[in-house]
Amino acid sequence: MRTAQDVIDENLDDVKARMAAVEAFYLEARLVGRKIRSADIDALNSYVLRDDLRWSHPDKMTLIDYPFESDTQRKRRDNKKAPYTVDVLEIGADRRNHRIPTRKRRSAYENWYVNHHAKARNKERRRRYNAFIKTQPVVSYSLKTGE
């Protein structure tokens, strides 16, 4: 029983011959009922596309209709790209910063100041509320007229 590495070790030069060898391997594995690992599938795909993956022409992406990039070619292409930062998206044509504002951390003095004044306001509110809910004198009115 052949393995994926056996197919790759044949090292065929013609693309159609490589495709036929890989298809024969898949058919044999399917007839036997053997499961093929995803790593083997990737290796066989790279074997079939070997010529396209090895061709390292710098303008390969524009010369071929359906180009394939190897990992090293993709990394090289990514390194050539201009850095795309998020800041560009957040600064408008009017040169204003339109990003979502972030909260500033308060200093210890600012925390003390806010708490001090909040306590003072709460003390005044509590005084007015207690005066409002305190028992009020009962006022009675007489609606009889003529007496």
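Under the side chain to side chain contact (heavy atoms under 4.5 Å, CB included) criterion, N130 pairs with R126, I133, not counting sequence neighbours. For R128, the side chain to side chain contact (heavy atoms under 4.5 Å, CB included) partners are E124, R125, not counting sequence neighbours. The ring pair (Phe, Tyr, Trp, His ring centres under 6.0 Å) test applied to H117 returns Y113, not counting sequence neighbours. Under the ring pair (Phe, Tyr, Trp, His ring centres under 6.0 Å) criterion, Y109 pairs with W112, sequence neighbours left out.
With values rounded to the nearest 0.5 angstrom, N45 atom CG is found 11.0 Å from D40 atom CG.
In the hydrophobic cluster analysis, where Ile, Leu, Val, Met, Phe, Trp and Tyr join through side-chain heavy atoms closer than 4.5 angstrom, I41 is grouped apart from L49.
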Could you list the donor-acceptor pairs under 3.5 angstrom formed by side chains in residues 19-29, with sequence neighbours left out?
none

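Within a 6.0 Å sphere centred on CZ of R105, heavy atoms belonging to other residues, nucleotides or ligands number 12 at most. Applying the 6.0 Å contact sphere to NZ of K104 captures more than 12 heavy atoms from other residues, nucleotides or ligands. Enclosure of atom CZ in R30 is not indicated, since only 12 or fewer non-hydrogen atoms of other residues, nucleotides or ligands lie within 6.0 angstrom.
Each side-chain hydrogen bond (donor to acceptor under 3.5 Å, both in side chains) pair with one or both residues in residues 9-20, not counting sequence neighbours, appears once here: R2-E10, Q5-D9, N11-R50, R18-D51.
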Salt bridge (Lys or Arg N to Asp or Glu O under 4.0 Å) between K75 and D71, worked out | CA-CA 6 Å; K75 287 176 186 172; D71 289 336; over 6 Å; no
